[in-house]
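Sequence lines set the chain letters: A, B, ... in the order given, protein chains first and strands last, and positions in each chain run from 1. As the structure is a computational prediction, the values presented were derived from the model and not from experiment.
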Amino acid sequence: MEEKVRAILQQLLNTSLEQVNNENITPDLIENWDSLAHLNIIVSLEEEFQIEIDPEEVFEMKKGLKYILEILKKHGVN
Amino acid sequence: MQNETISYSDYISLYHQIKDPSLIEIGNLKKQNIAILRSFTCEQIEAILKVECFNEGIYANIFIGGYNQYVQEILDTTSELYKFQPDLIILAIRLEELYPELFSKFLLIQHDIRSIENYIIETIESLIVNIKAKTNANIFIHNFVIPIVNYSSLYDFQNVDGQVNVIRRLNLMLPVMVKKYSGVYLIDVENLCSITGKQNLHDRKMWYVAKNPFKMAFYISLAKEYVKFLKAIYGFMKKCVVLDLDNTLWGGIVGEDGIEGIRLGDSYPGNCYKEFQKELLKLTYRGIVLAINSKNNYDDAIEVIREHPDMVLREKDFVGIKINWKDKATNLLEIGNELNIGLDSMVFIDDNPAECELINQKLPEVTVINLPPNPIEYAQLINESNLFETLKITLEDLSKTNIYKAQMEREKLKNAIGNLEDYYKSLEMVGSIKPMNSFILPRIAQLTQKTNQFNLTTKRYTEKDLEAMIEGGRFLIYSIEVADRFGDNGIVGTCILHKVSLEEWYIDTFLLSCRVMNRTIENAFMAFIYEQAKKNNVKRLIGEYIPTKKNKPVEYFYNTLGFKKIQEKYMLEIQKQTLDYPDYIKVFFKKEGLATL
């Protein structure tokens, strides 16, 4: 699952994340991760994993990859 | 690309891959500047539209206007919209934002509904007229979507003036109005929504989080619809007229008759050629360009163009001049390359049937007009050919009287929402300014953290930071709340003033939510700051612009207010200059519960 999410983020943020730790994949550290990109990420995650993300979770996920993975796990994604 | 459904993230990937403008040449793509003016969040369509255009050989540069700022963008001749030089302007305006009372207060306004309907159509028409006064761009207009949940449900359907039927009626009035104008097309969004299925349309979360009403699938179908229209239009609109000279722009042959011998003037047949030139000149006002392709001695021909007193077209009216002895096909190709215009957008006009035949054979994509022997027919040829009219997708025939009538109405409508001032007045804005208190503190902190565009210094503060600033006694923090005709926008802006000394205040922070940009609210807020400074015997206001990637819109904010640039900051001398409140905003200062003007 983590691989897929990383791939999505790389695609949408148009930036390489190969060398970057999970902790450092956050909007603060990645320039292209603005609010529009974040909404694109939400849409793509929903499409990819066939889940519905609620507004609270949208905001939580904006904290970074770590949070995204946690929330996806909560949704039962492996 | 095949017909399989692509996911949105695929669109984003593809979008990044096709960004390079050098693709225009490599792929022989047609460049289109597409501006989307909108009343709701729809940024996601950009990537989709660019990819769909690319599929059809169109390289789209896309400009998305400010949130709900379409009126300002259309009326302001210096706006980013016009600087962008759009080939196409899309008006994506929902009824929910255009006339919110239809959804929030329908029963209260129902008695007046017919005049409201007329007002809505006139508003859209006025936007069209104003756009057409400033640019030759094509225009796409969204029609209106009937909501699933209407105002009074089963009863509503029974009533010819129920909400459902009002919207249906508006959607019938739109094509009647649009028909008066060339180059304006209706996008039947109501129909697209039905096809997508209204129950599959809305992403509730996206609406609450970002004011984006639609799911991605809808944007995909919308983008495809736009491209369908573009394909239909594009094939028919010509961009460049390439002209011969002898017996085309003047009677006779300059190489034989000399500049005094050619026929061009106010008596027959010279006047026919003069009229012809006038019609060609009119084309240039609509954005169509002219070029010359003539077999002549350069000096003989250019002398006529430059010196002959009856020439209507001068050197500056031509974007390309090929006066030489090369074959005309080669010249045409060169012109096309130099101007980066496709051959199928070019029209070649020549009196010589042999030259015309040559072009027909060698460059079949070019439209060729072989001028008839009698110059009397030349001028009306331009008017009557359909080459310079954008394609009318529905078959129609504007008779001469309709054209005349439309012109009169046009003049009247241009004044309906004629200028920005009237628009601002019509908003009936009321601004309430408050000093920061514990209740609004969180909102102010949030604004400093989230606001990017209209933010002069982009200093981010937490609630604790702001509390400390107030406790220290050297800062003044104010918020401004704005209500208008359509409702209350809440707190939309904040300023933080640093009392540097008794004589000088530094504007540490000045920001406004992008939702209320371009309504002179910033002027009202600055006028308030000026007033407070003056009351406190401050001599100087100092402002600063700290550039970021996102705040370019306010680069010259202080300049336009009259501040003088001193080294890296801006200064206003209170005694020498003033900042006045704009007429169209009522401003209240709510100092500790009391409202004073």
Could you list each donor and acceptor atom pair linking chain B to chain A at less than 3.5 Å?
{"unit_1": "B:Tyr8", "atom_1": "N", "unit_2": "A:Glu47", "atom_2": "OE1", "d": "3.2"}
{"unit_1": "B:Tyr8", "atom_1": "N", "unit_2": "A:Glu47", "atom_2": "OE2", "d": "3.4"}
{"unit_1": "B:Tyr8", "atom_1": "OH", "unit_2": "A:Asn40", "atom_2": "OD1", "d": "2.7"}
{"unit_1": "B:Ser13", "atom_1": "OG", "unit_2": "A:Gln11", "atom_2": "NE2", "d": "2.6"}
{"unit_1": "B:His16", "atom_1": "ND1", "unit_2": "A:Asn14", "atom_2": "ND2", "d": "3.3"}
{"unit_1": "B:Lys205", "atom_1": "NZ", "unit_2": "A:Glu46", "atom_2": "OE2", "d": "2.5"}
{"unit_1": "B:Lys205", "atom_1": "NZ", "unit_2": "A:Ile53", "atom_2": "O", "d": "2.9"}
{"unit_1": "B:Lys549", "atom_1": "NZ", "unit_2": "A:Glu31", "atom_2": "OE2", "d": "2.6"}

Contact origin within A:Leu39 toward chain B - heavy atom pairs under 4.5 Å: both
Chain B contact via A:Ile41 - which portion, at a heavy-atom distance below 4.5 Å: neither
Set of ring-ring contact (aromatic ring centres under 6.0 Å, His included) partners for B:Tyr70, sequence neighbours left out: none
Test salt bridge (Lys or Arg N to Asp or Glu O under 4.0 Å) applied to B:Lys464 - qualifying residues, sequence neighbours left out: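 Result, salt bridge (Lys or Arg N to Asp or Glu O under 4.0 Å) vs B:Lys464: none returned.
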Which residues share a side chain to side chain donor-acceptor pair (under 3.5 Å) with B:Ser39, sequence neighbours left out: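 Here the qualifying residues are B:Glu97.
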